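Below is one structure, written out as structure tokens; the observations come after it.
Everything numeric here is computed off the predicted structure, so don't read it as measured data.
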Amino acid sequence: LAFGMLQVVGAYFGATTQLFGTPVYPVTGLLIQVVGGSFSLPVFVILIYYAGELVHREQGAGIKEIIDATPYPNYIMVLSKIGALWFVLSAMLLIVLITSILVQISLDYYNFEILLYLQGLFGVLGTGYFLLCIPAVMLQTFSPNKFFGMVLLLVFLITLATLPSLDFEHLLYLYSIPNVPYSAMNGWGHYVLPLVSFTAYCLALGVLMIVAAHLFYQRGVGADLQSRLAVARGRFTAATATVAALGLVSAIALGSWIFYNTNVLNVYLTEDAREERQADYEKAYKQFEKLSLPQVIDLDMTVDLFPEERRLESTGSVLLVNRHDEAIAELHLSVRPELTINEIALEGGSLSESDDHLGYYKYRFDTPFEPGAQTTLSWDLSWLNDGFPNSGATTRVVGNGTFVNNSEIMPLPGYSRSAELNDNSVRRRYGLDPIERYPKLGDPEYLGVNQFQVAERTAFRTTIGTSADQIAVAP
């Protein structure tokens, strides 16, 4: 515990003094975030040790036969040991809370936000720790001694930590809860629903684990596998079967609800799949980066925000002009794959090729777009956030504090360099060259290139609508 607190305190001071050399206020939300990244190891060590001690303490104290003869049912023994582990972890989190307040005082900060501490430490961070107590006790119950049980639990925890690196990232089979960040502006926001859903699902699985521990809880002297299986069959009464059935049905129902949200309402992508999509985008369309494009000279757009639904509707049009010396045959557009395209219309042209997966579209002009000619591109796009994803939920469109820019909510002419992978080690894995450095200031080849593919002064008009209790601001 002392080692863990040293880690936490060191992380606290690091997080409040090293943001680009600028001191940071030790707000409660920041300290909770720091705990999540620095306190897990001590929790796992104590969980492994105390689970073994609690389940096998009677044997170590030489009073196992006496305890076995008591009239308590097995599930009471199992639940009491899980409850004891919860108490130990709660005491640790309480020490973290007190230490956090002392750190805030030492930094002359006194807005402690006790309720937020309780929510973050016990309701969010602690939930993941409390859930692990159930398999910890179950595995020790299966084990003939505490040391073998410790090894089993260690293997279990390492497996959970390793599976995501093998592309097994869905929380349905990781017995875990999603990351739940806190925002001073948006609170816990839209992360509450997935937190509650996955917690309920894990608790349903926990019921099945408790039933298994009840069946195999060792009482008496018969410790071989055959004897324990025979005893377990005898303990599988109608009441036990009912509890197991309720746990199983609940787990299936909750798992189906979660799967519907993460894989039907949303696209389930592993981290490798996201990287592969970026690599595929570059491999397929980097060749068009220097394609001649018309310039935007007038932009008029309307953005409607629906904070309660975390939905954004973007409609608008741009006036395009050909500033080149030659005619343009095609207009290429990049649209974020997260956006739903209701309509994109090019005056004097039509869609010739679309790639919805990578968000790249080609429009061919009915007749070549001559130098000096003008045309209009209009769009109707939706940014929908139905249900909740397995991971990577957006923080751009939220209940309070939505922040988006043009590149995220409108079609951009041409290839979007911002969509490329920017980690050279990842790029090598996909056979891509090292990331290109930005050109030097004044490079004549890039004088006509500006942000958002706008290379000259442009008229800009926007109308933003949102809830009556919110204020919308645009440049």
Residue pair [X] / [Y], side-chain heavy-atom distance below 4.5 Å:
X      : Y      : value
Met138 : Phe216 : no
Met410 : Trp379 : yes
Thr466 : Pro307 : yes
Glu313 : Phe306 : yes
Leu125 : Val180 : no
Leu118 : Leu97  : yes
Ser100 : Phe112 : no
Ile409 : Leu312 : yes

Is there any side chain to side chain donor-acceptor pair (under 3.5 Å) pair reaching into [range], and which pairs are they, with sequence neighbours excluded?
range            : result
residues 240-268 : His170-Thr262, His170-Asn263, Ser197-Trp257, Thr237-Thr240
residues 149-165 : none
residues 126-140 : Ser40-Tyr129, His56-Gln140

Looking at [X] and [Y], would you say the former's side chain and the latter's main chain have a donor-acceptor pair under 3.5 Å?
X      : Y      : value
His190 : Gly387 : no
Tyr415 : Ser334 : no
Lys283 : Tyr430 : yes
Gln278 : Ala419 : yes
Asn400 : Asn186 : no
Tyr50  : Leu85  : no
Arg427 : Leu421 : yes
Gln470 : Ser467 : no
Ser143 : Leu139 : no
Thr270 : Ala273 : yes

Considering all heavy atoms, the nearest [X]-[Y] contact:
X      : Y      : value
Leu248 : Leu208 : N-CD2, 3.7 Å
Pro411 : Leu333 : CB-CD1, 4.3 Å
Leu89  : Cys133 : CD1-SG, 3.5 Å

(request) Report, as yes or no, whether the 6.0 Å neighbourhood of atom CD on Glu330 holds more than 12 heavy atoms from other residues, nucleotides or ligands. (result) yes
(request) Report, as yes or no, whether the 6.0 Å neighbourhood of atom CD1 on Ile471 holds more than 12 heavy atoms from other residues, nucleotides or ligands. (result)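 No - once you tally the heavy atoms of other residues, nucleotides and ligands closer than 6.0 Å, there are 12 at most.
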(request) Measure the spacing between CG of Asn111 and CD of Gln104 and express it to the nearest 0.5 Å. (result)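 So the CG of Asn111 and the CD of Gln104 are separated by 8.0 Å.
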(request) Working to the nearest 0.5 Å, report the span between CG of Asn385 and CD of Glu309. (result) 10.5 Å
(message) The criterion is side-chain hydrogen bond (donor to acceptor under 3.5 Å, both in side chains); which residues satisfy it with Tyr360, sequence neighbours excluded?
(response) His332
Under 3.5 Å, which donor-acceptor pairs link side chains of residues 297-305 to any protein atom two or more places apart or in another chain?
residue	atom	partner	partner atom	Å
Asp298	OD1	Arg461	NH2	2.7
Asp298	OD2	Arg461	NH1	3.2
Asp298	OD2	Arg461	NH2	3.4

(request) Under the ring-ring contact (aromatic ring centres under 6.0 Å, His included) rule, collect the residues that match up with Tyr182, sequence neighbours excluded. (result) Trp188
